[in-house]
Amino acid sequence: MTWTLAIGERCYSSWSLRGWLLFDAFGIPVNTVSAPLYSDGFARVLADFAPARTVPAAKLGDTVIWDSLALAEELADRYPDAGHWPADPARRAAARSMAAEMHSGFTALRSYCSMNLRTAFRDVPVPDDVRTDLNRIERLWSQADGWLFGDYSVADAFFAPVAMRIAGHDLYVGPNARAYVHKHLAHSSLRRWMEIGRAVDPVLDAYTRDWTETAWPTTTTKD
Ligand SMILES: N[C@@H](CCC(=O)N[C@@H](CS)C(=O)NCC(=O)O)C(=O)O
């Protein structure tokens with residue numbers, strides 16, 4: 001039996017990206033079904049995932065999981081060798097804390113800079129509360145040497161859309177954080193997600209902004 005994951009549009013649905021990375025980046029097979037955001041089709045697709053009302057929603061037989069943090073824990077329990085969390089207890093505790101802080105926080109950055117993997121912007125004015133979020137993110141990422149805890153973990157999957165917000169809005173962060181953003185830009189799972197999203201997603205007007213558009217940053221390295 002294979003998991004099915006309901007996702008929104010790949011270019012715009014940051015939580016869907018996290019959910020999918022929890023499978024793809026850890027080698028767990030998954031089929032996706034599209035639940036188009038802001039459409040009647042959204043509720044129709046999610047009816048199969050009751051009581052879910054947001055994406056991502058995952059299903060395996062009678063089991064339904066409708067929250068990305070719950071999905072991370074459930075997959076980590078079911079696939080103990082997949083490496084969702086660092087093996088070292090202190091690092092695992094820190095990784096869990098980071099994923100949880102991301103799950104419940106950074107609302108200023110998240111609401112001001114929506115994830116948009118199709119269109120990038122430059123010269124975006126940065127309000128104080130967004131800078132405060134960025135400062136906190138930089139502090140958390142400061143230990144990254146490659147990925148946050150050595151091997152790719154749930155903490156990295158949870159921060160992937162944050163890295164894409166920084167890249168796609170050309171937000172200033174220092175050299176360490178910039179290197180971490182580029183690590184995500186080079187990540188094969190993320191690149192594949194982006195490619196498919198750009199090929200199949202419609203342009204959603206809700207994500208149009210008045211800021212100056214620019215080319216999406218690319219990276220020459222691949223993971
Ligand atoms: N706490 C949820 C958040 C999921 C979420 O807000 N997903 C958005 C799409 S990125 C959604 O489904 N929005 C549709 C809605 O709220 O009606 C999780 O961690 O999975």
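In this structure, Tyr12 OH and Leu204 CG are separated by 5.0 Å, a value rounded to the nearest 0.5 Å. Distance check: Trp20 CH2 to Ser13 OG gives 13.0 Å after rounding to the nearest 0.5 Å. Note that CD1 of Ile166 is 5.5 Å distant from CG of Leu134, once rounded to the nearest 0.5 Å. Between the CG atom of Asn31 and the CG atom of Leu5 there is a distance of 9.5 Å, given to the nearest 0.5 Å. Put simply, OG on Ser111 and CG on Asp129 are 7.5 Å apart, with the number rounded to the nearest 0.5 Å. Distance check: His84 NE2 to Glu74 CD gives 11.0 Å after rounding to the nearest 0.5 Å.
Between Met98 and Phe149 the shortest side-chain heavy-atom distance falls below 4.5 Å. Using a 4.5 Å cut-off on side-chain heavy atoms (C-beta onward), Ile137 and Phe106 make contact. Asp123 is not listed as a side-chain neighbour of Trp211, based on a closest heavy-atom distance of 4.5 Å or more. In this structure, the side chains of Met115 and Cys11 stay at 4.5 Å or more apart for every pair of heavy atoms. Residues Leu46 and Val55 have side chains in contact (heavy-atom distance under 4.5 Å, counting atoms from C-beta outward).
Closest approach of Pro161 to Leu17, counting heavy atoms only: CG-CD2, 3.9 Å. Minimum heavy-atom separation, Trp216 to Met164: CH2-O, 3.5 Å. Heavy atoms only, all atoms of each residue included: Val181 and Trp141 are closest at CG2-CZ3, 3.8 Å. The heavy-atom pair separating Ala99 from Val154 by the smallest distance is CB-CG1, 4.1 Å. Closest approach of Leu22 to Ala157, counting heavy atoms only: CD2-CB, 4.2 Å. The two atoms that bring Ser68 and Trp15 nearest to each other are OG-CE3, 3.2 Å, heavy atoms only.
Remark: Arg96 engages Glu73 in a salt bridge, criterion side-chain N to carboxylate O under 4.0 Å. Using a cut-off of 4.0 Å between Lys/Arg side-chain N and Asp/Glu carboxylate O, Asp133 and Arg110 are scored as not salt-bridged.
Within a 6.0 Å sphere centred on CG of Asp151, heavy atoms belonging to other residues, nucleotides or ligands number 12 at most.
Looking only at atom types and distance, the side chain of His169 has no donor-acceptor partner in the side chain of Asn116 under 3.5 Å away. A donor and an acceptor atom, one from each side chain of Ser34 and Arg10, are nowhere located under 3.5 Å apart.
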Item to check | Audit row: Asp156, His187, side chain to side chain donor-acceptor pair (under 3.5 Å) steps and yes/no | outcome: CA-CA 11 Å; Asp156 300 295; His187 187 217; over 6 Å; no
Next on the checklist: Checking Ser153 against Arg92 for the side chain to side chain donor-acceptor pair (under 3.5 Å) test, could you report, in this order, the C-alpha distance in whole Å, the side-chain angles of both residues, the deciding distance, and whether it holds?
Outcome noted: CA-CA 9 Å; Ser153 77; Arg92 187 166 64 241; over 6 Å; no
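Exactly one of Lys183, His184, Arg178 qualifies for a side chain to side chain donor-acceptor pair (under 3.5 Å) with Tyr180. That residue is His184.
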